[in-house]
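First the proteins, then the strands, lettered A, B, ... as listed; each starts at 1.
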Number of protein chains: 2
Amino acid sequence: MNNIMIPLDAETNAVEMPDDHRDELRLWLRLLTCSTLIEGEIRRRLRDRFGVTLPRFDLMAQLDKAPDGMTLSDLSKRMMVSNGNLTGLVDRLVASGHIDRRVSETDRRAQMISLTPAGQSEFRTIATEHEGWIAELFGGLSQKDQADLMRLLAKTKRSARQAVHGDVE
Amino acid sequence: MNNIMIPLDAETNAVEMPDDHRDELRLWLRLLTCSTLIEGEIRRRLRDRFGVTLPRFDLMAQLDKAPDGMTLSDLSKRMMVSNGNLTGLVDRLVASGHIDRRVSETDRRAQMISLTPAGQSEFRTIATEHEGWIAELFGGLSQKDQADLMRLLAKTKRSARQAVHGDVE
DNA sequence: GCAAATTATTTTAAGCTTATAATAAAATCT
DNA sequence: AGATTTTATTATAAGCTTAAAATAATTTGC
């Protein structure tokens, strides 16, 4: 049901197509376009309306879900960024009073990072508006579209993780 | 058929939900996870196997599709990055001999950028392997999944563009 | 208990990215 | 034609991002 011969044009027809993965490539480029487009708009609005960068907002979002705090390594895994990246990001957020860092009581290598009350309050204000922006950006999709897309992206995530880690969880 | 009352928990139930956009947020986070995951793996493989960065590869991919060359502004629009970003990227690719820059014959402000023969040859080697990686990463999706995802992402792209630019093309 | 391996974080160097302002050429509008 | 606006690019400053190497604390395996 697959592998249908599709004549391309006079030049390429004879030589090409050992096996053709152009469709997957187009799918990837479209996925990337969507996320670049949305991410760029969110970045712009965060800066214009709240003077905050997307990485700072993302970090605070992680902490808001973890009232007891998290270590840098936890943050690094969750946010899928390098450890070294977080060092600087955390430094700046401590300097601006949004987060606290204290040495872990059980592991003197590790630090527990958590939102300050001011940081949490500011984050929640921003998060509410942020949620509205996202709904607006996805506004052209019906409920069914959204559910279908969610399911297909779950499948994509599993597929990519499998290829990256050999992991199936 | 929508707007079903979902009791959350004792604390939030009474006060919350002016209108709830958590599903869109989860959809966005999943989309972002997929693209971050795939992009990170591609970046890693490009570096490990070919010693090339993703932005340099992306720029060369644009030029490969435009044999007559492109201006910096064209590249900027296509790649969805800032103009200033391209200045440095182009400088480095000229220095490494992958691309050529020459002043446009019709507009002395503009420069035409194009792949050198060596740049094109190297790009095509990399591109072939790259296409295989993408196919591998999306390998868990059936043909139908891929077609469905493609269609839903097209819709997402239109929806986001609409929200960003008010544009419907 | 002690050496070896692992884990948590920081440092460094290079490159990427953006926004903003500056410069310069071209197009537009009287 | 001359002034104004737009367009193309570069420069600058700040921040983000990574990989790789260094440091330090903990855990593991005798």
Side-chain angles (χ1 to χ4, degrees), chain A residues 32 35-37 39-60 62 69-96 98-99 101-113, chain B residues 32 35-37 39-60 62 69-96 98-99 101-113:
Chain A
L32 189 55
S35 83
T36 303
L37 194 60
E39 186 175 327
E41 182 67 9
I42 295 301
R43 191 185 299 275
R44 194 171 309 124
R45 292 188 187 188
L46 284 173
R47 177 175 44 76
D48 293 349
R49 307 247 231 262
F50 298 106
V52 77
T53 65
L54 182 55
R56 287 206 242 264
F57 177 75
D58 285 344
L59 195 154
M60 290 193 281
Q62 293 298 329
M70 302 173 75
T71 65
L72 287 176
S73 294
D74 291 341
L75 278 169
S76 163
K77 276 168 213 144
R78 288 287 185 82
M79 297 174 69
M80 297 197 280
V81 300
S82 67
N83 261 337
N85 190 349
L86 278 179
T87 297
L89 202 48
V90 166
D91 285 348
R92 288 184 287 270
L93 278 165
V94 168
S96 63
H98 290 89
I99 67 177
R101 79 195 321 168
R102 55 186 193 288
V103 173
S104 161
E105 290 162 12
T106 57
D107 185 340
R108 275 184 306 179
R109 292 168 304 180
Q111 303 176 31
M112 297 302 288
I113 312 295
Chain B
L32 189 55
S35 85
T36 302
L37 194 60
E39 188 175 327
E41 182 65 9
I42 295 301
R43 191 186 298 278
R44 192 172 310 122
R45 293 187 186 189
L46 284 173
R47 180 176 42 74
D48 293 351
R49 307 247 230 263
F50 299 106
V52 77
T53 65
L54 183 53
R56 287 205 242 263
F57 177 74
D58 285 344
L59 195 153
M60 288 193 283
Q62 292 298 331
M70 299 174 74
T71 64
L72 288 177
S73 295
D74 290 340
L75 279 169
S76 165
K77 275 168 213 146
R78 288 285 186 83
M79 297 175 68
M80 297 197 280
V81 300
S82 66
N83 260 337
N85 190 348
L86 280 179
T87 297
L89 202 48
V90 165
D91 285 348
R92 288 184 287 271
L93 279 165
V94 168
S96 63
H98 291 89
I99 67 177
R101 82 197 318 167
R102 58 186 191 289
V103 173
S104 161
E105 289 164 12
T106 57
D107 184 341
R108 274 184 307 179
R109 293 169 303 179
Q111 302 176 31
M112 295 303 287
I113 311 295

Visitor: Which is true for T53(B) with a 4.0 Å heavy-atom rule: it touches a base, it touches only sugar-phosphate, or it touches nothing?
Guide: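 It contacts sugar-phosphate atoms only.
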
Visitor: Can you check the E39(B) CD to dT17(C) C1' distance for me, whole Å?
Guide: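 Spelled out: CD on E39(B) to C1' on dT17(C) is 13 Å.
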
Visitor: Rounding to a whole Å, what distance do you find between L59(A):CG and dC16(D):C1'?
Guide: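 Answer to the nearest Å: 13 Å.
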
Visitor: Using residues 78-94 of chain A as the side-chain source, report each donor-acceptor pair under 3.5 Å to any protein atom, sequence neighbours left out, with the distance given to one decimal.
Guide:
from   : atom 1 : to      : atom 2 : distance (Å)
S82(A) : OG     : N85(A)  : N      : 3.3
D91(A) : OD1    : R101(A) : NH1    : 3.0

Visitor: How many Å lie between CG on L46(A) and P on dC16(D), as a whole number?
Guide: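 Answer to the nearest Å: 12 Å.
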
Visitor: Over all strands shown, is S76(A) touching base, sugar-phosphate only, or nothing at heavy-atom distances under 4.0 angstrom?
Guide: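 If one applies the 4.0 Å heavy-atom cut-off, S76(A) turns out to touch nothing in the nucleic acid.
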
Visitor: Pick the nucleotide of DNA chain C nearest each of R44(A) and G88(A); which residue has the one closer to the 5' end?
Guide: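 That would be G88(A).
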
Visitor: Looking at residues at least two apart in the chain, or sitting in another chain, which of them share a side chain to side chain donor-acceptor pair (under 3.5 Å) with S104(B)?
Guide: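 By the side chain to side chain donor-acceptor pair (under 3.5 Å) rule, S104(B) matches T106(B).
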
Visitor: Restricting both atoms to N or O, compile the protein contacts to nucleotides 7-11 of chain D shorter than 3.5 Å, with distance only.
Guide:
from    : atom 1 : to      : atom 2 : distance (Å)
dT7(D)  : O2     : R109(B) : NH1    : 2.6
dT9(D)  : OP1    : L72(B)  : N      : 3.4
dT9(D)  : OP1    : Q111(B) : N      : 2.9
dT9(D)  : OP2    : L72(B)  : N      : 3.3
dT9(D)  : OP2    : S73(B)  : N      : 2.5
dT9(D)  : OP2    : S73(B)  : OG     : 2.7
dT9(D)  : O3'    : Q111(B) : NE2    : 3.1
dT10(D) : OP1    : Q111(B) : NE2    : 2.7
dT10(D) : OP2    : T87(B)  : OG1    : 3.2

Visitor: Would you please name every residue forming a side chain to side chain donor-acceptor pair (under 3.5 Å) with T36(B), sequence neighbours left out?
Guide: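 In terms of side chain to side chain donor-acceptor pair (under 3.5 Å), with neighbours along the sequence ignored, T36(B) is linked to no residue.
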
Visitor: About how many Å separate CG of L75(B) and CE of M70(B), when rounded to the nearest 0.5 Å?
Guide: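 Going from CE on M70(B) over to CG on L75(B), the span is 4.5 Å.
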
Visitor: Is R108(B) close enough to dA26(C) that one of its side-chain N or O atoms is under 4.0 Å from OP1 or OP2 there?
Guide: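 Answer is yes, contact under 4.0 Å.
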
Visitor: Please give, in whole Å, the distance from dT18(D) P to R56(B) CZ?
Guide: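 Answer to the nearest Å: 17 Å.
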
Visitor: Residues two or more places apart in sequence or in another chain: which of them pass salt bridge (Lys or Arg N to Asp or Glu O under 4.0 Å) with R49(A)?
Guide: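 Salt bridge (Lys or Arg N to Asp or Glu O under 4.0 Å) check on R49(A) returns E129(A).
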
Visitor: Under 4.0 angstrom, heavy atoms only, what part of the nucleic acid is R43(A) near: base, sugar-phosphate, or nothing?
Guide: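 R43(A): no heavy atom of the nucleic acid under 4.0 Å.
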
Visitor: With rounding to the nearest 0.5 angstrom, report the CG to CD1 distance, L59(B) to I99(B).
Guide: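 If we round to the nearest 0.5 Å, L59(B):CG and I99(B):CD1 are 5.5 Å apart.
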
Visitor: Estimate the overall bend of the helix from dG1(C)-dC30(D) to dT30(C)-dA1(D) from the end axes over five pairs each, rounded to 10 degrees.
Guide: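 End-to-end axis angle: 30°.
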
Visitor: Taking only side-chain nitrogens and oxygens of R47(B), does any of them come within less than 4.0 Å of OP1 or OP2 of dT18(D)?
Guide: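 No, R47(B) has no side-chain N/O under 4.0 Å of OP1/OP2 on dT18(D).
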
Visitor: Identify each donor-acceptor pair in which a side-chain atom of residues 40-47 of chain A lies under 3.5 Å from a protein atom, sequence neighbours left out, and give them as a table.
Guide:
from   : atom 1 : to      : atom 2 : distance (Å)
E41(A) : OE1    : R44(A)  : NH1    : 2.4
E41(A) : OE2    : R45(A)  : NE     : 2.8
E41(A) : OE2    : R45(A)  : NH2    : 3.2
R43(A) : NH2    : E39(A)  : OE2    : 2.7
R45(A) : NH1    : E136(A) : OE1    : 2.9
R45(A) : NH2    : E136(A) : OE2    : 3.4

Visitor: Hey, does L54(A) reach any base, or is it just sugar-phosphate, or nothing, if we go heavy atoms under 4.0 Å?
Guide: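 No contact at all - L54(A) keeps every heavy atom at 4.0 Å or more from the nucleic acid.
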
Visitor: Taking only nitrogen or oxygen atoms into account, show me every contact under 3.5 Å that the protein makes with nucleotides 1-3 of chain D, one pair per line with its distance.
Guide:
none

